[in-house]
Amino acid sequence: MGLLDALKHKVLVADGAMGTLLYSYGLENCHEEMNIEKPEIIKKIHKEYIQAGADVIQTNTYGANRIKLTRYGLESKVVEINEGAIGVAKQAAKNSEVFILGSIGGIRGVRKVDYTLDEILAAVREQAEVLIAGQLDGLLLETYYDFEELCETLKMLRAMTDMPIIAQVSMQEPGVLMNGIKLNEALKQLEKLGADIVGVNCRLGPYHTIQAFEQVEIPERAYLSVYPNASLLDIEEGRVVYESEVDYFARAAVELCNEGVRLIGGCCGTTPKHIEAMKKKLAHFQPVEKKEAKPQREIIIREAEPHSFEPLHEKAKRARSVIVELDTPKHLEIEQFVEGAKALYNAGADLIMMADNSLASPRVSNLAMGAILKLQYGIRTMPHITCRDRNLIGLQSHLMGLNALGLHDVLAVTGDPTKVGDFPGATSVYDVSSMELISLIKQLNEGISFSGKALRKKANFSVAAAFNPNVRVLDRAVSRLEKKIEHGADYFITQPVYSKEKIVEIHEATKHLDTPIYIGIMPLTSFKNAEFLHHEVPGIKLSDDVLERMQQVSGNKEQETKVGLEIAKELLDTATKYFNGIYLITPFMRYEITLQLLQYIQQLDEQNKGVKANG
């Protein structure tokens, strides 16, 4: 009798966690390598689950693909590790009627740009070919947070084999996936794509898993499965632990089976004791054929309020638009900053941009200063948001705060690593890349949190992205722009440019894009300043002509400022011909210099209007 035939008539109990037990043995390295290094331990764990009453076990191959094994330098052992897992599982199940599933784990979490979908599928195919050749009773796709990855993997495997496939998602929130799709709808889609058994595993404990399954309908053809964690995780002396009484877990299993589940096991924190207790509770359980799913409470997501200002990406398509950067102070005296921001905004800047601890050096929070400027002086502001300083929790909280304050203009950037700043011993977070951050911000604009939960109201962010054109091969940088557009970038802001030729080159390389670009212009204040920017600041390069002109006046502060302004104006002569968007960076809080450049741009625009009128 095959796995699917068995599920027609009874509930099958699967095994529990492998990693939990391996950790208890002090094995904290690559668990999949144990298939060939310590197969006797893997066999012992399989047999413990079988003796506890498991009808189904899974191979120790959750992370046995090329991508995950590369972390341990084991990428050349994909076949050997998977074959070892098959062999040890079959040895453990010998002379029993236990079904064996080949485990294939999800690769993506929140991050999607580390590996392309094609790379992921190639790695899974390599692993799956070994598992399919091993003549197992089915394939188990487990711990998939990214629904797209699971769907594409399922489609590929369904074309490779007709053996039973179990497809399991992992929920960030009860009843909803990370992309906001409801669990019931996701399971229906997986059934249509050919999964024979659909369900969930990991992340949540029994309580929240039951909540989720109350809203799940029994599929037309497929069966339901669930492998919950023992409980929500806790940290004890630096180790992840799960607190759960086995009787509680077993009683929860009965409730889950009352919701239509036919294949039930355990994930993180579960042990043979959990499986034994569950098996006893379900010994005489008759599968549920019909149920009435609990109506899903629809959460109304309100539309965002209209923008109080025209979005810059819209303005830059039709007219001149100028962004001015004025970094918040590194000290607690904010008066000069406020005066500078007021002067620049009143002189015609569309908004005041503030970096997020640039060069990894702490400054007064740009959220705080943005709120002060907006609420006290009516000044429109744009804070940078880096991936460096905040994890996903902090990023979402920060963005929700910005939206609540009405600060809807943001620039999403990766952020300079901490080792370049004032505290080189500090850690860099980088839970996401700048591209992923852009996507997540746009998800907030749909009223969906990073975890997929409804936020009851849509955010209203206009998202800028960074563009470094100061590279040898500009086409590669433009390709990166196109990827950022795919992730949702509304417009781009460049690093400072110090060559008229480079400005023209940027125009030629990007004129096929409809997404506006703001050209960065930062006036030089001295030859030392020029040398520092050229040699030490990532992403900035000065032309030989600019360096030579600044060197000629080196040591004369008045002349250095004058020549720096002349160079900036010459660059503006060219930039304003090709781009509506101009981005002025204020050096060292010397906002009087930026004021002169704002006035110069206005003069150029007036002259151009006059030429057009006379023409």
CA sep, side-chain torsions, deciding dist, call: L204, M171, side-chain contact (heavy atoms from CB on, under 4.5 Å)
CA-CA 7 Å; L204 300 177; M171 302 175 288; 3.8 Å; yes
Does the side chain of [X] reach to within under 4.5 Å of the side chain of [Y], using non-hydrogen atoms?
X    : Y    : answer
M178 : K453 : no
T414 : R388 : no
I334 : P329 : yes
I323 : L584 : no
P523 : E566 : no
I301 : K458 : yes
I181 : V176 : no
L533 : M522 : yes

Would you say the ring centroid of F579 lies under 6.0 angstrom from that of Y518?
no
Can you tell me if [X] and [Y] form a side-chain donor-acceptor pair at under 3.5 Å?
X    : Y    : result
E173 : S451 : yes
D605 : Y600 : no
H307 : E314 : no
E436 : S433 : yes

Taking only Lys NZ, Arg NE, NH1 and NH2, and the carboxylate oxygens of Asp or Glu, determine whether [X] and [Y] approach each other closer than 4.0 Å.
X    : Y    : result
E148 : R108 : yes
D514 : K317 : yes
K502 : E505 : yes
R549 : E560 : no
E310 : R380 : no
K500 : D545 : no

According to salt bridge (Lys or Arg N to Asp or Glu O under 4.0 Å), who are the partners of E152, at least two apart in sequence or on a separate chain?
K155
Sorted by chain and residue number, the salt bridge (Lys or Arg N to Asp or Glu O under 4.0 Å) partners of E339 (sequence neighbours excluded) come out as K342
If you draw a 6.0 Å radius around OH in Y578, do more than 12 non-hydrogen atoms from other residues or ligands fall strictly inside?
no
More than 12 heavy atoms of other residues, nucleotides or ligands under 6.0 Å from CZ of R363: yes or no?
yes
Trace of the side-chain hydrogen bond (donor to acceptor under 3.5 Å, both in side chains) decision for T515 with H313:
CA-CA 7 Å; T515 308; H313 60 277; over 6 Å; no
Take V478 and L474 through the side-chain contact (heavy atoms from CB on, under 4.5 Å) test and state the conclusion after the steps.
CA-CA 6 Å; V478 174; L474 189 57; 4.2 Å; yes
Supply the atom-to-atom distance L344 CG to M353 CE, rounded to the nearest 0.5 angstrom.
13.5 Å
Derivation of the side-chain hydrogen bond (donor to acceptor under 3.5 Å, both in side chains) call for N346 and Y377:
CA-CA 11 Å; N346 292 334; Y377 305 102; over 6 Å; no
Sidechain-backbone polar pair: S361 side chain, N357 backbone, donor-acceptor under 3.5 Å:
no
Option passing side-chain contact (heavy atoms from CB on, under 4.5 Å) with P587 (candidates T594, N529, L524)
T594
Test side-chain contact (heavy atoms from CB on, under 4.5 Å) on E446 and L455; report intermediate values, then the result.
CA-CA 9 Å; E446 296 301 317; L455 292 173; over 6 Å; no
